[in-house]
Amino acid sequence: MRSRFTFLFRQKLKLQIITTSLTGGLVAGYIFSKYKPIVHAETDISVKVGERISTLPTYSMTEVAKHTTAEKGYWLAYKDGVYDITSYVENHPGGKMVLRSAGKALEACWKIFTMHDMDHVYEILEEYRIGNLPPGIIIGKALLFGKENNFLGEREANQREQEKITDLFQYDPERLNIKENFFVRSKRPFNAETKPSVLISSFITPVEQFFVRNHMHVPFVNINEYKLEIGNGKSTHSLSFDDLTEKYQSYTITSTLACSGNRRGAMNNEEQGTIRGAPWYVGAIGNARWTGVRLRDVLQSLGLDKEGKYVQFYGLDCETPKR
Ligand code: HEM
């Protein structure tokens with residue numbers, strides 16, 4: 001079963017699959033509000049990444065640039081390090097987007113996707129280390145023949161090239177009172193959990209205080225062109241926003257919504273090390289009133305309710321090529 005939702009639809013339609021009320025989470029929120037949480041900032045980095053390792057071979061940026069296919073392997077450079085990430089591509093949480101940096105220097109990309117600025121991400125990258133860039137390539141302004149030149153090393157030229165990547169996060173909506181309401185887990189994509197003290201201040205968590213979970217920038221949706229795609233592998237149907245609102249009855253329910261990774265941060269310890277993924281404390285949870293059409297009604301009307309047992313949802317917060 002394949003479907004695509006706008007953020008709005010996802011919020012509305014999720015009500016159809018939420019069968020268990022997790023209000024207990026809010027009680028837990030109260031208990032945890034007594035404790036000072038460990039806040040994982042994006043900048044507290046202790047891992048040494050991209051530093052020269054004298055025992056490894058040297059590869060030029062020209063050599064790195066040749067490795068941009070599955071056959072030749074996917075290579076990239078970060079600081080002074082050269083990496084072969086071929087076997088990591090399938091496991092990358094951000095999917096094939098990692099290939100944007102194949103054959104290039106990674107810095108410009110991670111300057112935009114700042115959630116990579118974490119120890120465990122650097123540790124992963126170092127696992128794929130194969131070599132060093134040639135020494136002395138970082139030149140910047142150099143004195144050549146007694147004259148100052150804006151001489152660029154290969155790697156800097158490459159990095160500049162990548163800086164032309166459009167930063168789609170810049171169009172994310174303005175978020176108000178962030179410090180008051182949230183612990184921010186990553187800025188790009190924006191992931192933030194509601195502070196326990198805020199959670200327990202009302203039974204229904206107000207929208208502007210509800211936890212935010214994004215996997216990319218906030219998607220751009222033109223509601224007049226929007227189509228919800230639903231399929232079962234054999235056939236695919238698509239419904240417009242008007243189809244959904246006019247052809248089906250709308251319902252409102254009150255339910256708790258929790259991120260399945262809520263409290264993941266508590267799993268970080270000396271034995272287990274750092275668990276991958278947003279290090280939520282207790283606040284990736286909230287109560288809300290949800291309004292939307294029933295998934296069951298939609299599936300029945302399309303004749304898709306007979307065979308399938310599971311529904312898989314795809315959000316629009318994956319790579320969207322255009323605004
Ligand atoms: C052009 C380069 C890259 C882009 C555009 C990119 C994009 C992304 C995106 C969009 C996510 C968020 C996924 C989600 O929240 O569902 C992500 C997560 C992640 N990426 Fe990348 N990525 C790139 C390169 C890399 C590289 C080279 C590595 C390591 C070898 C890497 C490791 C990771 C890890 C570990 C996460 C999960 C972070 C977490 O724990 O929350 N990425 N990436």
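Source: prediction; values computed, not measured. For ligands, and for the atoms within them, numbers begin at 1 and follow the listed sequence.
When only modelled atom types and interatomic distance are considered, Glu126 and Tyr83 share a side-chain donor-acceptor pair under 3.5 Å. Side-chain atoms of Asp243 and Tyr248 form no donor-acceptor pair, as typed in the model, at a separation below 3.5 Å.
Put simply, the side chain of Asn262 gets close to the backbone of Ala284: a donor and an acceptor are under 3.5 Å apart. Although no hydrogens or angles enter the test, the distance criterion places a donor-acceptor pair under 3.5 Å between the side chain of Thr86 and the main chain of Tyr74.
Counting heavy atoms closer than 4.0 Å to ligand 1, residue Tyr88 contributes side-chain atoms (C-beta onward) but none from N, CA, C or O. Only the side chain of Cys109 comes within contact range of ligand 1, with a heavy atom under 4.0 Å; no backbone atom does. By the criterion of a heavy-atom distance under 4.0 Å, the side chain of Trp110, and not its backbone, is placed next to ligand 1. By the criterion of a heavy-atom distance under 4.0 Å, the side chain of Ile124, and not its backbone, is placed next to ligand 1.
Of all protein heavy atoms, the one closest to atom 19 (C) of ligand 1 is His116 NE2, 3.5 Å. Nearest to atom 14 (C) of ligand 1 among the protein's heavy atoms is His215 ND1, 3.0 Å. For atom 36 (C) of ligand 1, the nearest protein heavy atom (residue, atom name, distance) is Pro93 CG, 3.3 Å.
For a threshold of 3.5 Å applied to N or O pairs, the pair formed by His120 and ligand 1 contains at least one separation below that value. Checked by distance only, ligand 1 and His92 come closer than 3.5 Å through their nitrogen or oxygen atoms. Polar contact check, Asn214 against ligand 1: no nitrogen or oxygen pair lies under 3.5 Å apart. On a distance-only criterion, Gly277 and ligand 1 share at least one N/O pair closer than 3.5 Å.
Counting atoms of ligand 1 from 1 in the listed order, those under 4.0 Å from a heavy atom of Met115 are 8 (C), 9 (C), 10 (C), 11 (C), 12 (C), 17 (C), 18 (C), 43 (N). Atoms of ligand 1 found under 4.0 Å from any heavy atom of Val98, numbered from 1 in the order shown, are 1 (C), 2 (C), 3 (C), 23 (C), 24 (C), 25 (C), 26 (C), 27 (C). Ligand-side atoms of ligand 1 in range of Arg100: 1 (C), range being under 4.0 angstrom from any heavy atom. Ligand-side atoms of ligand 1 in range of Met216: 10 (C), range being under 4.0 angstrom from any heavy atom.
Remark: distances from the non-hydrogen atoms of Glu127 to ligand 1 are all 4.0 Å or more.
Salt bridge status for Lys48 with Glu123: absent, with no side-chain N to carboxylate O gap under 4.0 Å.
Under the 30°/60° scheme for interplanar angles, the aromatic rings of Trp75 and Tyr59 are found to stand perpendicular. Using cut-offs of 30° and 60° on the angle between ring planes, the pair Phe190 and Phe182 is perpendicular.
When each of Val311, Val298, Ile230 is checked for a side-chain contact (heavy atoms from CB on, under 4.5 Å) with Leu304, only Ile230 meets the rule.
Ring centroids of Phe169 and Phe113 are separated by less than 6.0 Å, placing the two rings close together.
To the nearest 0.5 Å, atoms OG1 (Thr252) and CZ (Arg289) are separated by 9.0 Å.
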